[in-house]
Student: 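Following this message is one structure expressed as structure tokens.
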Number of protein chains: 2
Amino acid sequence: MGRWQPGAQGRLQQAAMELITERGYDRVTVAEIAERAGLTERTFFRHFADKREALFAGQDQFGESILAGLAAAPPDVSPLEAAVRGVEAAGTWLDDERRPGARARQAVIDAHPELQERELIKLARVSAAMAAALRDRGVDEGEAVLAADAGMAVFRLAFTRWVADDGEHDLPWHVRSALEVLRAVVG
Amino acid sequence: MGRWQPGAQGRLQQAAMELITERGYDRVTVAEIAERAGLTERTFFRHFADKREALFAGQDQFGESILAGLAAAPPDVSPLEAAVRGVEAAGTWLDDERRPGARARQAVIDAHPELQERELIKLARVSAAMAAALRDRGVDEGEAVLAADAGMAVFRLAFTRWVADDGEHDLPWHVRSALEVLRAVVG
DNA sequence: ACGGTCGATGTCAGCCGCTGACATCGGCGG
DNA sequence: CCGCCGATGTCAGCGGCTGACATCGACCGT
């Protein structure tokens with residue numbers, strides 16, 4: 001056995017989630033999170049760039065699965081369809097097993113503006129990456145940006161409904177459903 | 001003449017903008033901003049909730065002009081058209097005279113992630129307010145959200161192009177232009 | 001004119017997020 | 001067995017932000 005318990009980062013994430021759900025984000029200090037994880041405040045900041053980030057680790061995989069899904073779309077589909085294939089792929093990553101965790105996490109985020117800010121910029125960066133990928137496929141700049149933003153808007157509505165949903169439909173289903181709503185609104 | 005020079009808030013905003021463009025956001029302290037404005041750090045925080053907010057005061061008017069524009073749209077236009085009328089109205093508020101200021105401000109924001117976060121949540125709140133206004137008009141929940149988000153996406157693209165534009169077109173023109181792009185992408 | 005209230009500001013102490021610099025110490029390769 | 005490496009601890013310190021209390025000119029009513 002090593003000098004340290006393994007899984008420091010995971011323990012920090014879990015401790016953060018627990019304490020924040022118990023007391024609320026701003027009534028928990030980083031030192032307390034670290035203490036519950038058996039570490040020091042300084043070590044917390046070696047694993048996460050700031051306090052908020054402890055709740056957003058793993059989001060990278062989410063963004064990558066979207067980009068992979070977009071890249072896997074045939075070259076002849078429309079830009080919007082390609083973007084939707086991306087968020088649909090993320091929908092298979094967020095399967096039913098992850099729904100309770102996603103729900104709890106979203107409740108925490110919805111209750112704290114500073115966490116909403118962080119989530120928004122993460123989504124905006126994914127959207128920008130989608131737009132860049134579409135441009136690389138030869139899509140015009142403006143169309144790429146709007147297709148990516150529209151795809152992300154579809155995802156957000158789908159995700160909201162999936163989180164509120166009691167297991168009747170999976171996330172890809174909600175994505176397709178939201179896409180139909182978008183078509184009705186714009187078309 | 002009063003005990004204090006008038007326009008404290010405006011002086012703080014100007015001082016913040018100057019110092020940040022000179023040195024960059026994170027190399028300026030609130031105490032320095034306050035000092036240049038002839039005030040103390042504590043007073044800064046009586047005018048602004050936090051350091052970032054000094055660069056976002058006046059945004060309320062922007063959001064209100066959007067909502068006013070939306071409310072002024074005839075009841076028989078489509079939800080998306082109503083949302084676009086809103087952002088178009090904001091486009092008349094951001095006239096040619098304000099373009100240099102908007103450009104400088106946007107350059108500062110683009111250079112600092114924490115400011116981007118703040119901008120994103122402000123736009124998200126305006127979008128949520130637009131969606132609520134559309135719901136009040138009798139629009140279905142999902143359609144309202146997507147129409148508002150789509151309208152905001154159109155605005156963001158239009159604003160980006162307007163800022164980069166050398167005065168050839170005004171913002172409402174860019175809004176209509178971006179809307180056509182959206183229709184091409186989704187339709 | 002006077003006294004009292006009000007409101008914007010100043011002052012001060014203090015918490016917390018976050019960082020740089022340096023020390024510690026077990027694991028592991030040579 | 002030695003020495004390097006890497007995760008962690010320790011410590012000092014800055015800057016954002018807040019609560020509590022003091023200050024003092026303006027304004028209002030008498």
Side-chain angles (χ1 to χ4, degrees), chain A residues 1-57 108-109 111-119 121-122, chain B residues 1-57 108-109 111-119 121-122:
Chain A
M1 199 157 87
R3 182 178 173 193
W4 309 283
Q5 304 295 326
Q9 183 154 338
R11 263 152 47 218
L12 285 167
Q13 289 180 50
Q14 188 180 341
M17 193 62 189
E18 288 173 9
L19 285 169
I20 290 170
T21 46
E22 288 172 13
R23 279 189 248 161
Y25 179 79
D26 31 8
R27 292 191 172 181
V28 176
T29 71
V30 173
E32 290 169 335
I33 296 171
E35 187 187 3
R36 177 167 296 199
L39 296 167
T40 65
E41 183 186 19
R42 190 64 182 90
T43 299
F44 177 98
F45 287 110
R46 289 199 177 96
H47 286 279
F48 304 105
D50 56 46
K51 184 182 173 186
R52 307 174 193 175
E53 208 61 23
L55 290 170
F56 290 90
V108 170
I109 293 174
H112 299 286
E114 52 253 81
L115 297 177
Q116 295 168 34
E117 290 190 345
R118 181 56 47 88
E119 178 171 55
I121 199 173
K122 297 246 175 195
Chain B
M1 199 160 83
R3 183 180 172 191
W4 309 282
Q5 304 296 323
Q9 183 153 339
R11 263 153 45 220
L12 285 167
Q13 290 180 49
Q14 188 179 345
M17 191 63 188
E18 289 174 8
L19 286 169
I20 290 171
T21 47
E22 288 171 13
R23 278 189 249 161
Y25 180 79
D26 31 7
R27 293 192 171 180
V28 175
T29 71
V30 172
E32 289 169 335
I33 296 171
E35 187 187 5
R36 178 167 298 198
L39 296 166
T40 65
E41 183 187 19
R42 190 65 181 88
T43 299
F44 177 97
F45 287 109
R46 288 200 178 95
H47 286 280
F48 304 104
D50 56 46
K51 184 182 173 186
R52 308 174 193 175
E53 209 61 21
L55 290 170
F56 289 88
V108 170
I109 293 173
H112 300 284
E114 54 251 83
L115 298 176
Q116 295 168 33
E117 290 190 346
R118 181 56 48 87
E119 179 170 56
I121 200 172
K122 296 248 175 194

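This structure is a prediction, so every number in the text was calculated from the model and none was measured.
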Student: All N/O contacts under 3.5 Å from nucleotides 6-8 of chain D to the protein, with atom names and distances to one decimal?
Tutor:
{"residue": "dT8(D)", "atom": "OP2", "partner": "His47(A)", "partner atom": "NE2", "Å": "2.7"}

Student: For the pair Arg52(A) (side chain) and Glu117(A) (backbone), establish whether a donor and an acceptor sit closer than 3.5 Å, ignoring hydrogens and angles.
Tutor: no
Student: Any chance you could measure Glu119(A), atom CD, to Ile109(A), atom CD1, to the nearest 0.5 Å?
Tutor: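 It is 4.5 Å, given to the nearest 0.5 Å.
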Student: Give the rounded distance in Å between these two atoms: CZ of Arg52(B) and P of dG17(C).
Tutor: 15 Å
Student: Specify the separation, in whole Å, of atom CZ of Arg118(B) and atom C1' of dG16(D).
Tutor: 13 Å
Student: What's the CZ-P distance between Phe45(A) and dC14(D), to the nearest Å?
Tutor: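 Atom-to-atom, Phe45(A) to dC14(D), this comes out as 18 Å.
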Student: Can you tell me how far CG of Leu55(B) sits from CD of Gln13(B), rounded to the nearest 0.5 angstrom?
Tutor: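 One finds 8.5 Å between CD of Gln13(B) and CG of Leu55(B).
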Student: Map Val30(A) and Arg42(A) onto DNA chain C by nearest heavy atom, then report which one ends up closer to the 5' terminus.
Tutor: Val30(A)
Student: In a check of side-chain contact (heavy atoms from CB on, under 4.5 Å) between Glu32(B) and each of Arg27(B), Glu41(B), Arg23(B), which one passes?
Tutor: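 Only match with Glu32(B) under side-chain contact (heavy atoms from CB on, under 4.5 Å): Arg23(B).
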Student: Please give me the minimum heavy-atom distance between Val30(A) and Phe45(A), naming the atom from each residue.
Tutor: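 For Val30(A) versus Phe45(A), the nearest heavy atoms are CG1-CE1, 3.7 Å.
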Student: Hey, what do you get for CZ (Arg118(B)) to CD (Glu114(A)), rounding to the nearest 0.5 Å?
Tutor: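 Answer for the CZ-CD pair, Arg118(B) versus Glu114(A), is 9.5 Å.
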Student: Return the value, rounded to whole Å, for the distance between atom CZ of Phe48(A) and atom P of dG17(C).
Tutor: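 One finds 15 Å between P of dG17(C) and CZ of Phe48(A), rounded.
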Student: Grab the NZ-P distance between Lys51(B) and dT18(D) for me, whole Å please.
Tutor: 14 Å
Student: Whole angstroms only, please: what is the CG-P distance between Asp26(A) and dC17(D)?
Tutor: 14 Å
Student: Nearest whole Å is fine: how far is dC16(C) C1' from Ile33(A) CD1?
Tutor: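 So the CD1-C1' distance, Ile33(A) to dC16(C), works out to 12 Å.
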Student: Take the protein atom OH of Tyr25(A) and the nucleotide atom P of dC16(C), then report the distance between them rounded to whole Å.
Tutor: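 Atom-to-atom, Tyr25(A) to dC16(C), this comes out as 14 Å.
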